[in-house]
There are 2 protein chains.
Amino acid sequence: MDKKTKITIKDVAAEAGVSFGTVSRVINDDIHVKPETRERVLQAMQRLGFVANRQARSLAGGKTNFIGLLVPDLGTGYIGEIIRGIDAELTLQGLDLVLYTTHRTASKEAAYVANLAQGMVDGLLLVLPRNPADYIGVLTQRKFPFVLIDHQGTGKDCPAVGATNWQGGYDATEYLIKLGHRRIGFITGWMDLGCAQDRLAGYRAALRTYHIPEDPDLIYEGTFFQPDGYTGAMKFLDLPNPPTAIFASNDVMAMGVMDAVRMRGLRVPEDISVLGFDDIPQASLVRPALTTVQQPLENMGRVAAQMLLDLIEQPERKVGRIELSTKLVIRESCQPPRC
Amino acid sequence: MDKKTKITIKDVAAEAGVSFGTVSRVINDDIHVKPETRERVLQAMQRLGFVANRQARSLAGGKTNFIGLLVPDLGTGYIGEIIRGIDAELTLQGLDLVLYTTHRTASKEAAYVANLAQGMVDGLLLVLPRNPADYIGVLTQRKFPFVLIDHQGTGKDCPAVGATNWQGGYDATEYLIKLGHRRIGFITGWMDLGCAQDRLAGYRAALRTYHIPEDPDLIYEGTFFQPDGYTGAMKFLDLPNPPTAIFASNDVMAMGVMDAVRMRGLRVPEDISVLGFDDIPQASLVRPALTTVQQPLENMGRVAAQMLLDLIEQPERKVGRIELSTKLVIRESCQPPRC
DNA sequence: CTTCTTTTTGTAAGCGTTTACACAAGGGCA
DNA sequence: TGCCCTTGTGTAAACGCTTACAAAAAGAAG
């Protein structure tokens, strides 16, 4: 049916018997078009199967309608959830997503940002940026719209969305304490990341509140990957006085913990309580279902996208960090310690 | 430092003391530029921090340097692995990825494809397309380059890459049989997908080869999600004569199976052997580590990207389906049945 | 029926490149 | 020295659209 190679606004204009300017106005929902003319144009577009050329619109209009998304990796469902939120919001505005995976190579990150900011996209969304200090300065100075997702740290006041990691760490620890636990093992995330630091700080604060002395043996430094949970738990279980509960800084490490516990012939939660962080989809699917601190990942993506859109609209507007609240989701992996 | 808003080739031309045509030639690695001129231009570009405008290049050059990627979802690591491969290959060619997540809404799929094919991208990569029949015709007829990933079915001979699902199903079943199992439960994937059908067919073929009668009670129809594995296994275990091994059509369902087995107070692999399909990163991390059929996911992505690039180069070339071979990865979740 | 507004529509000038074509140098050769 | 090739460089015309600005049509008011 479509024998023509490319249908342009001129073709549509000819078909509808108007000038191409009018067609352009119809495309852009310009007010100044007589309803019946608009209708005629719309039908012509329909008939010809016209789709506006993106590149041309961008060139002439000065905006690309692309948003750049930089993510470290797509291995865990974690980032998938965030993207889902971003995607939902962007689709509403007819914007498309250009995906860059940095695979944890910090160098690529800065290079990508430099290029993208040169007009390839209208705005930038950075998930779990590794060392944003490298380019935030440039971005800010150039007034290029961007939003950081799940990062805090540089102390600089720049647009970011994250979760209340400190509070999440605190709440979870408090929950374990109230269940009666006194020796609670903690497995940290990758401590270069602010979120990992905050979760640990929350854990510590809760212990302090309840006058439980902190034991350095009960803190194992991990990197957010499952094997850390396994190894950390093994180490805890080797202790002369092992913990009765283990709180891992994310769910996948918590699953590593569960494996280790089972490996030792112990049971969750009867012998050891296990608590995670994130509430990835899998958390509710393992047995026992994991009690965890829920991060509103999808919502974080959504909010970040909204912030970015606002920023694109009004670049002057000053926005800072937004923290979405975490929520303790109680399932089956924790119970009071054995007497 | 960059006080100028936009640096164009004209600025570079002025800086280098040449015409903008020459600058363009330098950008495009045109042979007809005197080495020293090239050098001068390059330095000017460097000095000015010039980055070519993507939209303008696309408009004038006729290609966008974008590849469209349609995926159903990013929940499981499965697609992340594929993207990693695609990404690696595309980066080599300086192409960027525009991401569309259809979230299993078939309607969005067709709409996206229609738009994208209208010049928004140079080619299309479709991962696990739901009902490609809707648009393959249009794409083919219009000679628009595309490659299907992990799909077979329509019988039409179109560019696709997948894995040897049948063989994988066969090999795994044979392995279980050789371990001594006679009653092997099978949990299917979502049967609308060709890969799910093939795995089941492989399972059946192996049974036939070894003259083991097929028992309809030992086949549970799932949809590739973890709860299916759980439910299916529960159903098997309720049988008067339950299976001694369970083969799930993907790893996440196999993990559901493990949960169910544990829930019943049984042990993997002592009481029940469990086998998966895919070899997602998690498979080696759970305890017992999952024996599974490895799909070369990253490589599938890479090969698909290469095929697409070839197709873009020579649109006339006829390419069909490529199948990458699966491999049985033996870990800890299977052993001979108890006497 | 003018004249002045207020829509509505047409026109032309870009947006930043690529690329076919024209033109200016340098050789090589007779 | 003159002529023809190369090789390197400049020029102008697209690419398909947006958007001021100008022009025409349609009301409103007198």
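To find a chain, count down the sequence lines: A is the first, B the second, and so on, and within it residues start at 1. These figures come from a predicted structure and were not determined experimentally.
- At least one side-chain nitrogen or oxygen of A:T22 sits closer than 4.0 Å to the OP1 or OP2 atom of C:dG10.
- Each of A:L90, A:L116, A:V98 was scored for a side chain to side chain contact (heavy atoms under 4.5 Å, CB included) with A:I67, with one residue passing: A:L90.
- Counting only heavy atoms from C-beta outward, the side chains of A:D150 and A:C195 approach each other to under 4.5 Å.
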Requested in this report: Kindly determine whether A:R38 and A:E36 satisfy salt bridge (Lys or Arg N to Asp or Glu O under 4.0 Å), including the steps that lead there.
Outcome: CA-CA 5 Å; A:R38 176 186 305 279; A:E36 59 194 69; over 6 Å; no

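- B:H32 places its NE2 atom 14 Å from the C1' atom of C:dT18, with the value rounded to the nearest Å.
- Contact annotation for A:G61: backbone-only contact, meaning every heavy-atom pair under 4.0 Å involves sugar-phosphate atoms and none involves a base.
- Among the nucleotides C:dT17, D:dT18, D:dT9, the one closest to the side chain of B:V33 is D:dT9.
- In this structure, CZ of B:F50 is placed 10 Å from P of C:dG16, rounded to the nearest angstrom.
- With C:dT18, D:dC17, C:dG10 as the choices, the nucleotide that has an atom nearest any side-chain atom of A:V18 turns out to be C:dG10.
- When rounded to the nearest whole Å, the span between CG of B:L59 and C1' of D:dC17 equals 8 Å.
- Side-chain to base pairing of B:R54 with C:dG16: no donor and acceptor N or O lie closer than 3.5 Å to each other.
- Regarding B:N28, its CG atom lies at a distance of 13 Å from the C1' atom of C:dG16, rounded to whole Å.
- Checked for salt-bridge contact, B:D11 and B:K6 miss the test: no charged N lies under 4.0 Å from a carboxylate O.
- Where the helix from C:dC1-D:dG30 to C:dA30-D:dT1 starts and where it ends, the local axes point in directions that differ by 50°; five pairs per end, rounded to 10°.
- Contact annotation: A:S19 reaches the phosphate of C:dG10 (side-chain N/O to OP1 or OP2, under 4.0 Å).
- One atom, CD1 of B:I9, and another, P of D:dT9, lie 15 Å apart when rounded to the nearest Å.
- Without hydrogens or angle criteria, A:N28 side chain to A:D30 main chain gives no donor-acceptor distance under 3.5 Å.
- Of the side-chain N and O atoms in A:S24, none sit less than 4.0 angstrom from OP1 or OP2 of D:dC17.
- Ring centroid separation for the pair A:F66 and B:F66 comes in under the 6.0 Å cut-off.
- In this structure, A:E36 atom CD and C:dT9 atom P are separated by 8 Å, rounded to whole Å.
- Taking side-chain N and O atoms only, A:T37 has no distance below 4.0 Å to OP1 or OP2 of C:dT8.
- The distance from atom CG of B:D29 to atom P of C:dT18 is 11 Å, rounded to the nearest whole Å.
- Side-chain nitrogen and oxygen atoms of A:N53 include none within less than 4.0 Å of the OP1 or OP2 phosphate oxygen of D:dC15.
- Counting heavy atoms from C-beta outward, A:M120 and B:D96 have side chains that approach closer than 4.5 Å.
- Between the CZ atom of A:R25 and the C1' atom of C:dT8 there is a distance of 8 Å, rounded to whole Å.
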